[in-house]
There are 2 protein chains.
Amino acid sequence: MAKEEFLKPYRLAEILRPEIAESDPHEPIPTERQLAERFGVSRVSVRQALALLNEDGAIYTVHGSGSFVAPPRVTKQMKLLSFSQEMEVRGLKPKAKVLNVHLIESSTNRSDDWAGITEPTYRIERLRYGNDDPMSWEVSYIASEIAPDLLKQDLTGSLYTLLKNNYGQEIVSADEQLTPVLIDSATSTKMKLTPGKPGFEIHRHGFNVRGQQVELSRTIRRGDRWDFKYTVRA
Amino acid sequence: MAKEEFLKPYRLAEILRPEIAESDPHEPIPTERQLAERFGVSRVSVRQALALLNEDGAIYTVHGSGSFVAPPRVTKQMKLLSFSQEMEVRGLKPKAKVLNVHLIESSTNRSDDWAGITEPTYRIERLRYGNDDPMSWEVSYIASEIAPDLLKQDLTGSLYTLLKNNYGQEIVSADEQLTPVLIDSATSTKMKLTPGKPGFEIHRHGFNVRGQQVELSRTIRRGDRWDFKYTVRA
DNA sequence: AAGTGGTCTAGACCACGAA
DNA sequence: TCGTGGTCTAGACCACTTG
């Protein structure tokens with residue numbers, strides 16, 4: 001079931017990566033035609049492999065001249081990660097404490113808090129920990145038609161994993177909006193912080209492969225424990 | 001000099017876009033083989049066109065089944081934009097007021113503020129406006145070997161455009177780091193804000209095609225006028 | 001079983017850079 | 001001019017979904 005697209009290019013990239021790492025920055029790597037012959041694959045596959053290496057900044061390519069070892073860079077590409085995955089990347093143990101869960105029945109004057117989510121919907125309020133430190137406070141909305149019996153599930157782990165494994169709803173893309181805020185006193189208390197500290201407020205809309213909105217969430221993250229790093233291209 | 005890669009796929013995508021816009025969400029679009037025949041191009045080109053449409057959320061594809069019209073989404077992909085470009089996207093007129101420019105000669109105990117930039121380097125402190133409102137305060141460092149005579153240039157416009165047109169240094173990728181902060185009183189004064197408001201602090205490293213660091217900057221942006229929206233994928 | 005998208009190939013021609 | 005990467009083709013076979 002491995003979902004490895006572009007098998008040859010991917011494997012080829014992994015073979016080339018250590019070779020590249022040993023060369024000095026701006027040294028040329030073999031030409032595409034040479035690599036194609038050496039590995040017995042088509043030039044198209046070589047080019048896809050080089051494209052992968054280019055994406056994470058291992059090489060750069062100059063039309064008419066060649067491909068070269070890129071000088072070292074640190075920042076990673078931005079990928080969709082659940083909170084749990086993010087913590088694991090940082091080497092911290094993720095945990096969640098459920099503060100409140102309930103089902104919101106059809107409401108006449110519905111709040112915009114869960115606009116786009118079909119009612120009735122579950123509202124899940126949780127505190128998120130990394131190595132027992134409170135890292136963020138979050139409220140998630142998930143339509144009950146998507147995940148019936150959600151209340152019976154264990155909600156102390158990754159919601160994304162739960163949705164995927166128990167309901168076949170994999171979230172493959174998300175729209176997010178970051179706003180810098182002063183963390184209000186109520187949230188500060190819940191997160192055991194001194195009030196008035198800066199943080200991020202994040203609104204997230206999660207979508208499945210079919211572009212249907214599956215999850216909606218609002219998150220407050222403490223600024224002293226969260227940076228937001230990314231690489232952006234022209 | 002148009003730098004349009006994938007000419008056929010790109011043009012094909014633009015032709016298909018309006019057709020797709022007229023169909024209902026989740027309606028199937030023609031198969032790849034049908035499109036290839038209809039437009040007299042190879043299936044590979046069709047697939048690249050569909051990939052482009054997929055990237056900006058116009059369609060989604062299901063292996064073994066087909067491609068379908070995606071339900072509407074709002075958020076744009078994140079692209080590298082200069083401040084000036086960002087303002088234009090928002091329909092605001094960009095402007096810069098130069099607060100301070102000078103050349104930093106080789107220093108013995110150099111500050112980490114411009115780590116990675118070759119000395120001597122220019123330090124450019126500017127206030128950035130959108131429609132005459134101060135939007136952000138920024139300090140940029142640019143090595144003098146890259147842009148000699150920078151002091152003689154007009155610095156009230158886009159630095160990126162200036163670097164590209166006058167010095168042949170196009171910045172094609174950047175690493176950024178966002179931190180939520182309370183805007184300090186000195187910066188608040190410069191931006192004519194009441195102190196203690198939340199904002200973003202952004203560190204940016206700009207690179208040319210060869211992966212060489214061309215620009216380094218630190219920016220403070222007011223939180224009440226800046227959101228950070230993006231789409232992220234698995 | 002038939003039809004769809006997913007991967008890969010071999011080969012052609014174009015556009016650019018360096019000598 | 002020659003060698004490089006950039007684009008495109010026609011056709012093959014695989015993997016998946018649906019009837």
Side-chain angles (χ1 to χ4, degrees), chain A residues 1-16 20 23 26-55 58-70 168 170 172 208-211 233-234, chain B residues 1-16 20 26-55 58-70 168-170 172 208-211 233-234:
Chain A
M1 72 134 283
K3 195 218 168 184
E4 300 187 23
E5 349 178 45
F6 306 119
L7 292 100
K8 285 198 183 177
Y10 180 80
R11 284 200 284 255
L12 187 48
E14 293 316 310
I15 293 170
L16 291 175
I20 288 164
S23 306
H26 309 295
E27 281 292 301
I29 68 172
T31 70
E32 295 177 353
R33 286 167 178 88
Q34 285 170 351
L35 289 171
E37 189 181 8
R38 173 172 150 201
F39 292 101
V41 300
S42 75
R43 208 182 129 213
V44 179
S45 297
V46 170
R47 282 178 61 73
Q48 296 222 34
L50 296 188
L52 291 172
L53 293 171
N54 197 313
E55 262 176 39
I59 64 169
Y60 64 87
T61 284
V62 181
H63 186 180
S65 179
S67 289
F68 306 86
V69 177
E170 185 175 7
V172 298
N208 64 16
V209 264
R210 293 177 155 72
R233 292 166 196 281
Chain B
M1 74 135 284
K3 194 216 168 186
E4 299 187 28
E5 350 180 43
F6 307 119
L7 291 100
K8 285 199 183 177
Y10 180 79
R11 283 200 284 254
L12 187 47
E14 293 315 310
I15 292 170
L16 291 174
I20 288 164
H26 308 294
E27 281 293 301
I29 68 171
T31 70
E32 297 178 351
R33 287 166 177 87
Q34 286 171 350
L35 290 171
E37 189 181 9
R38 173 172 150 199
F39 292 101
V41 300
S42 75
R43 210 182 127 212
V44 180
S45 296
V46 170
R47 282 178 60 73
Q48 296 222 34
L50 297 188
L52 290 172
L53 293 171
N54 198 316
E55 262 175 41
I59 64 170
Y60 64 88
T61 284
V62 181
H63 187 179
S65 180
S67 289
F68 306 86
V69 178
Q169 290 283 357
E170 187 175 6
V172 298
N208 64 17
V209 264
R210 293 177 155 74
R233 294 166 195 281

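None of the values given here were measured: they were computed from a predicted structure. Residue numbering restarts at 1 for every chain, and letters A, B, ... go by the order of the sequence lines. Every heavy atom of this structure was used, including side-chain atoms; hydrogens, water molecules and symmetry mates were not.
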Undergrad: Of the nucleotides dG5(D), dA15(D), dT4(C), which one has an atom closest to the side chain of H63(B)?
TA: dA15(D)
Undergrad: Mapping I29(B) and R43(A) to their closest nucleotides on DNA chain C, which lands nearer the 5' end?
TA: I29(B)
Undergrad: On the nucleotide dT9(C), are OP1 or OP2 found under 4.0 Å from the side-chain N or O atoms that S45(A) carries?
TA: yes
Undergrad: Can you tell me if S42(B) touches the phosphate of dT9(D), counting only side-chain N or O atoms and a distance under 4.0 Å to OP1 or OP2?
TA: yes
Undergrad: Please determine, for the side chain of E32(B), which listed nucleotide (dG5(D), dG6(C), dT9(D)) has the closest atom?
TA: dG6(C)
Undergrad: On DNA chain C, nearest-nucleotide positions of V62(A) versus S67(B): which is more 5'?
TA: S67(B)
Undergrad: Can you tell me the distance, in whole Å, between the CD atom of Q48(A) and the P atom of dC8(D)?
TA: 15 Å
Undergrad: Measure the CG-CG distance between L16(B) and L53(B) for me, rounded to the nearest 0.5 Å.
TA: 6.0 Å
Undergrad: Test S67(B) against every option in N54(B), T61(B), T31(B) by the side chain to side chain donor-acceptor pair (under 3.5 Å) rule and name the one that passes.
TA: T61(B)
Undergrad: Are L50(B) and I29(B) packed together at the side-chain level, in the sense that at least one heavy-atom pair is separated by less than 4.5 angstrom?
TA: yes
Undergrad: Look at the side chain of R210(A) and the backbone N and O of F68(B), then say whether any donor-acceptor pair between them is shorter than 3.5 Å.
TA: no
Undergrad: Are R47(B) and dG6(C) close enough that a side-chain N or O sits under 4.0 Å from OP1 or OP2?
TA: yes
Undergrad: From C-beta outward on V44(B), which listed nucleotide comes closest to its side chain: dG5(C), dC8(C), dG5(D)?
TA: dC8(C)
Undergrad: Nearest whole Å is fine: how far is dT9(C) P from E37(A) CD?
TA: 14 Å
Undergrad: Return the value, rounded to whole Å, for the distance between atom NZ of K8(B) and atom P of dA10(D).
TA: 8 Å
Undergrad: Is there a side-chain polar atom (N or O) of R33(A) under 4.0 Å from OP1 or OP2 of dT4(D)?
TA: no
Undergrad: Could you give the CZ-to-P distance, from F68(B) to dG5(C), as a whole number of Å?
TA: 8 Å
